[in-house]
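The basis for the numbers below is simple: all heavy atoms, side chains too, and nothing from hydrogens, waters or symmetry mates.
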Amino acid sequence: MSEPMAPPEPAASQPDSTRTGPGRLLVAIYALFALSASARAGVQIATKFSHAPVAYLLSAFAAVVYILATVTLAVGSPTARRIAVLSCSVELAGVLAVGTWSLADPATFPDATVWSSYGSGYGFVPLVLPVFGLLWLRRWTRRPKPRRTTVASAEDAGEAAGGGVAHGESGAPGRGAEDVVADGRT
């Protein structure tokens, strides 16, 4: 008599999410930057926008990028990971562009942005954060996908279980291909 099929045990593989392990720290840092950049831009725009409009609008843009990166990294689905790659790429390009612009034309930036001078006001974290984000996301996109096999018939099950069971050969004592299909064991 066949025994009920037990659920397969999970393989000792990597988790399916970007929010595990070092990814948790990455999401937390992005969340911190999303909060701080949003608060900074909000206060600057509300209280002294005419003083440095370019810098304050760039801070607001940085805040939106950080929020998008935080959410997509936390979600971790394949679509979210694609959006996270885009947001980290935009962030890196922004840090490099604004960093260079702020050094080349300091008059445009009477007040600093998150990305001014390549994020020097934040310990250069804005410069290295998108690099780590892209590396982390690359790890998840290059991961090998688990291979699954589908058994189409009792004959295929016999061959997968050790060959020949469906053809009347002995794969296991007293068991035929039907038993292999029923409980998934040989």
Side-chain angles (χ1 to χ4, degrees), residues 9-148:
E9 292 186 28
S13 65
Q14 294 177 325
D16 245 1
S17 174
T18 54
R19 58 185 172 203
T20 59
R24 287 181 183 171
L25 179 61
L26 193 63
V27 170
I29 293 170
Y30 266 107
L32 179 66
F33 269 79
L35 180 64
S36 65
S38 297
R40 176 182 185 157
V43 168
Q44 289 173 330
I45 290 171
T47 60
K48 52 184 181 177
F49 180 72
S50 61
H51 178 65
V54 172
Y56 301 153
L57 289 174
L58 285 171
S59 286
F61 178 72
V64 170
V65 171
Y66 286 129
I67 291 167
L68 185 61
T70 302
V71 170
T72 55
L73 284 168
V75 169
S77 71
T79 301
R81 284 187 286 234
R82 282 188 223 101
I83 295 168
V85 167
L86 179 64
S87 97
C88 288
S89 299
V90 167
E91 176 191 1
L92 182 58
V95 170
L96 294 173
V98 171
T100 303
W101 185 12
S102 66
L103 294 175
D105 186 15
T108 307
F109 296 91
D111 279 350
T113 72
V114 176
W115 296 341
S116 294
S117 302
Y118 307 107
S120 64
Y122 290 87
F124 296 100
V125 172
L127 181 61
V128 297
L129 190 59
V131 173
F132 284 125
L134 289 168
L135 288 173
W136 181 248
L137 289 162
R138 183 175 182 219
R139 172 183 178 200
W140 288 101
T141 56
R142 299 185 115 208
R143 253 185 46 195
K145 304 289 185 242
R147 291 178 34 175
R148 296 181 184 190

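Between Tyr66 and Trp115, the two ring planes are perpendicular [angle over 60°; tilted spans 30° to 60°].
Between Phe61 and Val90 the shortest side-chain heavy-atom distance falls below 4.5 Å. Counting heavy atoms from C-beta on, the side chains of Leu92 and Cys88 never come closer than 4.5 Å.
Between Thr70 and Ala31, the closest heavy-atom pair is OG1-N, 3.3 Å. Across all non-hydrogen atoms, the minimal contact from Arg40 to Val114 is NH1-N, 4.4 Å. The shortest heavy-atom contact between Glu91 and Pro130 is OE2-CD, 3.4 Å. Residues Ser87 and Val65 approach most closely at O-CG1, 3.5 Å, considering heavy atoms. Listed here is the closest heavy atom pair of Thr100 and Leu96: OG1-O, 2.8 Å. A pairwise comparison of heavy atoms in Phe33 and Pro126 identifies CE2-CG, 3.7 Å as the closest pair.
Between the CG atom in Leu129 and the CG atom in Leu134 there is a gap of 9.5 Å [rounded to 0.5 Å]. Within the model, atoms CZ of Phe132 and CG of Leu127 stand 10.5 Å from one another, a figure rounded to the nearest 0.5 Å. Atom CG of Leu57 sits about 11.0 Å away from atom OG1 of Thr113, to the nearest 0.5 Å. Residue Ser102 holds its OG atom at 7.0 Å from OH of Tyr118, rounded to the nearest 0.5 Å. Separation of atoms OG (Ser36) and OH (Tyr122) is listed at 5.0 Å; rounding is to 0.5 Å. Note that the CD1 atom of Ile67 and the OG atom of Ser38 stand 3.5 Å from one another [nearest 0.5 Å].
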